[in-house]
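Reckoned from all heavy atoms, side chains included, excluding hydrogens, waters and symmetry mates.
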Amino acid sequence: MSGREAEAARASLPLWTLGAPALNTYGKGALQDALAAHWRSFQSPTEPGRFARTVSLADRPSARPATTHAMPSGGSRSELVSPALRHVLDTLRRASARRIDVPKEQVHEAADDFVQYASINGLTDETLDAVIDILTTPSKLDQVTISAVIKALYPRNKVPEAIVVKVVGCFGHGESKPSLRTQAGLLRWLVMVYDVMAGYTMLSQLYGILFNMLQMITLRAHICHLLSLLTRRKHVKPFRIQALLELKRVVGIEPPLLGLLQIYKDYYPDVIVERLPPVKSGLFSHPNPEWMGKLRFIQEAQDSDPVGNTDLSTFQIARKHGGKRRKTTHFGVPEVRTYGAVEASATLEEITNVEDFVAKLDKLELPNQLAAVVEDPLLQQLLNLRFSDIEQQRVNNWISAYLSSGIGSHSSGLSDWVKDYLPKLLRYTEYTKTLLPAVEKFLEISLSVHKDIFESDHALELLTFLALRSYNVLHDRFFQPLNRILQAKPCKLIGFYTELLRYWLVMHGTHGDASVPVEAEECIAQYILHVGELCVGALQENQQNTHVRDSALGFFEVVALFPVGNSTFRLVLPPNSLVYDSLYSGEVLAMSRMCGILARYKHIFEETRKRAAAQGIVGGPEYSRAFTTGLDGFTTDVCSCIWLNRGFVDDPHSLGFGLSKQVIGQLGQLPNAQEEELKHLYSLTRSFALAPFSAEILGELEGKAGAGARQRHRGPPTQDTLKLLASNGGLQISWRDYKKEVLSGLEQRGYAGMSELMYSVITTLSSDGRGK
C-alpha cells in the first residue's frame, strides 16, 4: 500500500481507535469530538412506550378539556395538565396552609387520587415542582398523607437541579422548615432519585451544607448515604476528616457514619490511619429497589430516557443502580474506584464531561480494579488510549478467575451469574475487537461441557471474534464441536461462520497487514471449503428451505468482498450444487444474489490478473487453472441460459450444469413434446423466475409508447414475435434492446445481480455500457 493509500485508510478509521498517537497528530480538539461521538454510540434507542395509553385523571367524566401550561424553567416543551389534577394539587395546597379549610375526607381523596395518578403516569417537571413547593414548607397535613405523597413522587423525566436545590434548602431547624419526619422523607427521596438527576454540579456545591447536617440525628443516616454517592476526592478535606473522626468518638459505632468514613479513608488511607470497624456489605444500596423498578417502568412507558441509560451529556463513569444485595457464592464485578491517588493526579470519578476528560487525559490515574472496564464505557475510552500489556493481563486474569469460579461440573451446569455476564463480555469484545484469552478458553471448555449456552446468541457471537490462526487448531477446538451442537440449526451455524469470516476480513483485509499469521492463506481457503461443504449438506437435508439457501448465499457474498490482489484472502469457488440450486430454484432473489456473487468473483479475478501482469509477476497466474476453468464454466452456463438462449448446449467453456449429455437429452424430451426447446426454458423471457418480470417490463414499455390494447404483445416475447409486433404497428424495439430493458428493470426492482453478471461477461454488452 502506498503512503497516500495508507493515510486514506487510516483517515477512514474512527479517530478514537487510533489510540495515543491521535492525541499528538490531530490535537485534543479533534480527539474530544471523536470521543463524544463514540460515547453517543453507547446510548440505546429508547423503546416505545409499553402502554397504549396512560391512565389520567382527565379520564373522569367530570374532566374538562385539558389546557396547556409551560414548564417553570421556561423550556419549550409543554404539558397537558387536566383540571382534575390541578384541583387535586389545589386541595393539597389549601389543606397544607389551613387544615380547617378542607374537610378530612377531601384531603384523603385528593391524596389517593394524586398517588394513583403519579404511580401510573409519573410527574412532569412542572407538577413535581408544585408538589415540592407544598412539601418544603411548614404543613398542616398529617404525616401519613405527607409520607404517601413523598413516596409517590415518581419523576417522569430527569429531576432538574433547581428542584434538588429546593429540597436541600428545606433541611434544618427553623419555623420556616417542614417537620423533621418530612425532611427525612424528602432526603430519602433524594437518595432514591440520585441516579436520575439532570445534573450534579449544584448538589456538589451544596456538599458543605449537607456535611454540616451530620449533627442532626434524624437525618444522619440518609445524609451519609447521599454524601457517599456524592463524595469525590475534591470533597475530602482535612477538616472534614477531623470532624468525622470526632463525630464517631461522640456517637459511637453507627454503620452509615462508618461507611462514609471508610469512603474518606479509601481516598486518603495515609491520612486516616485508624482501623475502622467493618461495615455491612450493601450498606449504601438503594433504599427501595421496588420503587426504582416502578420508576423505570413509568419512564419507559412515557417514552422518556429510562433509568439505567448512561447520561451521555455528562461523560461520567457508570454507577450501578442499587438494590438489595442477595447472598451469593461469587464475587461481584467491581465498579470504577481509584484509591491512593496523589494530589497532582486526576481520577475518572472526577470526570464530568468530554472536555474534562481530554484536558486531564495525561494526569488520569488508572482505577484499582481494571476489571470494571467490561461495564464502564469511560474506562474503556481511557484504556484504549493508554493500554499496555500489563493492563491487558490484569483484565484477563480477573475475568479468567471470574469465569472459572462459575464453571461447575457437567451436571451442575453454569451459574446464572456467569450467563448474565456474557452479554457484558460481548459488548466489551465488540468495542475492543479482540477476544481475551480467558474468554476464549472459557468458550472452548463450554463447547464440551456446557453446550447449552450456545443456544443463546451471546456465546456464539463471542466466538465470532476468534483470532485467525491454523485451520486445524480452529477446527479441532471450535468448529467440530460447534457443528455437532448446532447440527439441527444450520442457519444459525452458517450465520456464525459468516460473521467470523467478516471479522477476519475487517481485521486483516488491509494490504501489508503485519499481524496476519503465516498460515492465514491456507486457513482461509480450507475454511471456505469447510463452510461450502456444510452449506451443501444443509441444503440436501432441508430441501427447498429458503432460509438455508439465504444463509449460504450470505456467506459467499462475504467471500465476494475479498480485496483485490490480497494474497491472504484468495477466492474459493462456491460448490457446484449451491450455484445451480440458487440459479434454478425458481426464486428471482436467489438467482440475482448468485449472479452478483459470480460477477464480483469475475471482477476480482480480472483485476488480480491485471495487477500481476503490470507488476511483472512470473511463475504462473494468481489463481489456479482449476479455479479459472470453474469460474468460466459457471459464467458461461448462466449467460448462455439467460442472455443467449443457448442453455444446455454443448460448449467447450461450459460445465453443462454438471450434467452428462445423456441426462440433458432425456430432459429435453419433455419440452420437445410441447413444441418447446430445453435451451429456451431458462432464458430471460421464459424462465419461471424471470418471465413474469419480463412480461411486466414489456407492458410498461408499451404503455410509455402509447400502444393500444390491440397493439400489445400476447404471451412470452421472442425475437420473432417482437418483429411481428413492430410490423403490426406495435412497440418498435429490437430483441437486444428489449433484453437490456429487462435487465435494467430488474435492477430497478432490486435484482441487480443478473445485470452485473451480463455486463461483466458479455463483451458486446460491456462495450455498449450500462444504460445505453
Side-chain angles (χ1 to χ4, degrees), residues 1-2 5-14 17-18 426 429-435 440 443 457 460-475 478-479 482 491-535 550-575 578 593-594 596-609 611-612 622-623 627 631 753 756:
M1 176 182 287
S2 65
E5 290 175 336
E7 181 63 26
R10 186 176 179 86
S12 65
L13 295 174
T17 63
L18 303 183
L426 177 59
T429 306
E430 288 173 340
Y431 174 76
T432 61
K433 301 295 185 294
T434 302
L435 189 65
E440 181 178 309
L443 293 173
D457 293 334
L460 201 60
E461 289 179 23
L462 279 169
L463 278 178
T464 61
F465 292 92
L466 286 171
L468 184 59
R469 68 196 80 164
S470 168
Y471 174 78
N472 292 332
V473 174
L474 290 172
H475 180 269
F478 299 100
F479 299 160
L482 191 62
C491 294
K492 197 170 188 177
L493 183 59
I494 298 173
F496 156 74
Y497 284 118
T498 303
E499 292 305 313
L500 179 57
L501 181 61
R502 194 191 307 275
Y503 169 71
W504 289 343
L505 184 58
V506 170
M507 298 302 293
H508 306 292
T510 306
H511 291 285
D513 188 357
S515 63
V516 178
V518 178
E519 61 272 20
E521 179 182 347
E522 182 182 358
C523 176
I524 295 293
Q526 293 187 33
Y527 180 81
I528 298 174
L529 290 174
H530 169 73
V531 180
E533 294 174 359
L534 185 69
C535 293
D550 288 343
S551 299
L553 290 173
F555 176 80
F556 281 97
E557 283 173 339
V558 175
V559 177
L561 295 175
F562 282 3
V564 175
N566 190 304
S567 60
T568 301
F569 293 89
R570 294 167 59 86
L571 295 176
V572 175
L573 289 174
L578 175 62
R593 293 176 69 183
M594 180 51 71
I597 292 171
L598 295 177
R600 177 64 185 171
Y601 269 52
K602 181 74 172 176
H603 170 75
I604 296 175
F605 172 75
E606 295 291 346
E607 289 297 318
T608 302
R609 188 170 59 178
R611 291 192 182 187
E622 276 290 315
Y623 287 97
F627 177 89
L631 181 60
E756 292 173 355

Asker: Look up atom CG in Leu466 and atom CZ in Phe478, then write down how far apart they are to the nearest 0.5 Å.
Answerer: 5.0 Å
Asker: Using a 6.0 Å cut-off, check whether atom CD of Glu522 has over 12 heavy atoms from anything other than its own residue.
Answerer: no
Asker: State, to 0.1 Å, how close Gly596 and Glu756 come at their nearest heavy-atom pair, and which atoms those are.
Answerer: CA-OE1, 3.8 Å
Asker: To the nearest 0.5 Å, what is the distance between CE (Met594) and CG (Leu578)?
Answerer: 4.0 Å
Asker: Please name the pair of heavy atoms, one in Leu505 and one in Val558, separated by the smallest distance, quoted to 0.1 Å.
Answerer: CD2-O, 4.1 Å
Asker: Are any side-chain N or O atoms of Tyr623 and backbone N or O atoms of Leu571, one a donor and one an acceptor, separated by less than 3.5 Å?
Answerer: yes
Asker: How long is the span from the CZ atom in Phe465 to the CD atom in Glu440, to the nearest 0.5 Å?
Answerer: 13.0 Å
Asker: To the nearest 0.5 angstrom, please state how far the CG atom of Leu500 sits from the CG atom of Leu474.
Answerer: 7.5 Å
Asker: Ring pair (Phe, Tyr, Trp, His ring centres under 6.0 Å) with Tyr527: which residues, sequence neighbours excluded?
Answerer: Phe479, Tyr497, Trp504
Asker: Do Tyr503 and Thr464 have side-chain heavy atoms sitting under 4.5 Å apart?
Answerer: no
Asker: List in chain and number order the residues that pass salt bridge (Lys or Arg N to Asp or Glu O under 4.0 Å) with Arg600, two or more places apart in sequence or in another chain; answer none if no residue qualifies.
Answerer: none
Asker: Salt-bridge test for Glu607 and Arg611: reply yes if a basic N is under 4.0 Å from a carboxylate O, no otherwise.
Answerer: no
